[in-house]
**Q** 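Dumping the structure here so I can ask a few things about it.
For the numbers below, each heavy atom of this structure counts, side chains included, while hydrogens, waters and symmetry mates do not. Just so you know, these numbers come straight off a predicted model, no measurement behind them. Each chain gets a letter, A, B and so on, in the order its sequence line appears, and its residues count up from 1.
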Amino acid sequence: DAGVTQSPTHLIKTRGQQVTLRCSPKSGHDTVSWYQQALGQGPQFIFQYYEEEERQRGNFPDRFSGHQFPNYSSELNVNALLLGDSALYLCASSFRTNQPQHFGDGTRLSIL
Amino acid sequence: GQQLNQSPQSMFIQEGEDVSMNCTSSSIFNTWLWYKQDPGEGPVLLIALYKAGELTSNGRLTAQFGITRKDSFLNISASIPSDVGIYFCAGLRDGSGNTGKLIFGQGTTLQVKP
């Protein structure tokens, strides 16, 4: 039974570029949430997708956008990358929106 | 962004000792979760708590949902070297407009000396 899988594992980009991160939820889960984790900090909620719609959003600018597909997988897109966007991006899945979330191992994004 | 207050920030203990850490908030949560994160990996769910006063165990780990619903506690008994890592508490609110957003503490870094 596969858990939450994320790709790529690592990514290096330069300022101003755009990036797309991908996530496949745990089997049986229909909800995907995205978090940003800076070094030495707890994860910060970006947004949550359920039934292919953004259901809730954290305090992140519109440069951060997402999508959920009919098979429940999800993408996180970040435009106009800034140095401060360097972080570990975590995807979490759950069954419905208010159940415990299970995390993938994340994508380490470095901005040069 | 909003975070829970987690303490202690770090602990360095001897193998075999018991560990206690806690998490407090100014807001009420309906679900408390405890995660462990190892270097280069994502957080792994250890324990989920759903009711005020609830006490739940998972092996050597025991967690409690505070009566006020504003705090939670995690205890690890007889620590072993593989307990090393960062422990995060997280709160989840139910109800309209606030479902699904996990609020995390800053983490407690645990180091165990063999």
**Q** Out of A/Gly40, A/Gly106, A/Ala92, A/Pro100, which one racks up the most heavy-atom pairs below 4.5 Å with chain B?
**A**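 Heavy-atom pairs under 4.5 Å are most numerous for A/Pro100.
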**Q** Can you tell which part of B/Leu102 gets under 4.5 Å to a heavy atom of chain A, answering side chain, backbone, both or neither?
**A** both
**Q** Is any side-chain heavy atom of A/Gln48 closer than 4.5 Å to a side-chain heavy atom of A/Thr31?
**A** yes
**Q** Look at atom CG of A/Leu83 and say whether more than 12 heavy atoms of other residues, nucleotides or ligands are closer to it than 6.0 Å.
**A**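 Yes.
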**Q** Under a 4.5 Å cutoff for heavy-atom pairs, which residue among A/His102, A/Gln101, A/Arg108 has the most contacts with chain B?
**A**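 Result: the option with the highest number of such pairs is A/Gln101.
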**Q** By a 4.5 Å heavy-atom criterion (distance strictly below it), what part of B/Gln106 contacts chain A: side chain, backbone, both, or neither?
**A** backbone
**Q** Evaluate the ring planes of B/Phe104 and B/Tyr35, with Trp represented by its six-membered ring, and classify them as parallel (under 30°), tilted (30 to 60°) or perpendicular (over 60°).
**A**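 Correct class here is tilted.
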**Q** Side chain, backbone, both or neither: which part of A/Phe47 has an atom under 4.5 Å from a heavy atom of chain B?
**A**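 Neither part, no heavy atoms under 4.5 Å.
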**Q** Between B/Gln6 and chain A, which part of the residue has a heavy atom less than 4.5 Å away: side chain, backbone, both or neither?
**A**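 Looking at B/Gln6, nothing touches chain A.
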**Q** Are B/Asp83 and B/Arg60 within salt-bridge range, i.e. N to O under 4.0 Å?
**A** yes
**Q** For the hydrophobic clusters of this structure (ILVMFWY residues joined by side-chain heavy atoms under 4.5 Å, transitively), does one cluster hold both B/Ile86 and A/Phe103?
**A**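 The answer is yes; both residues are in one hydrophobic cluster.
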**Q** Donor-acceptor pair, B/Ser72 side chain versus B/Gln64 backbone, under 3.5 Å?
**A**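 Judged by distance alone, yes, a pair lies under 3.5 Å.
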**Q** Which bit of A/Ile46 is near chain B, if near means a heavy-atom gap under 4.5 Å: side chain, backbone, both or neither?
**A**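 Neither; nothing under 4.5 Å.
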**Q** Against chain B, label A/Gln6 side chain, backbone, both or neither, depending on which of its atoms sit under 4.5 Å from a heavy atom there.
**A**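 For A/Gln6, no heavy atom lies under 4.5 Å from chain B.
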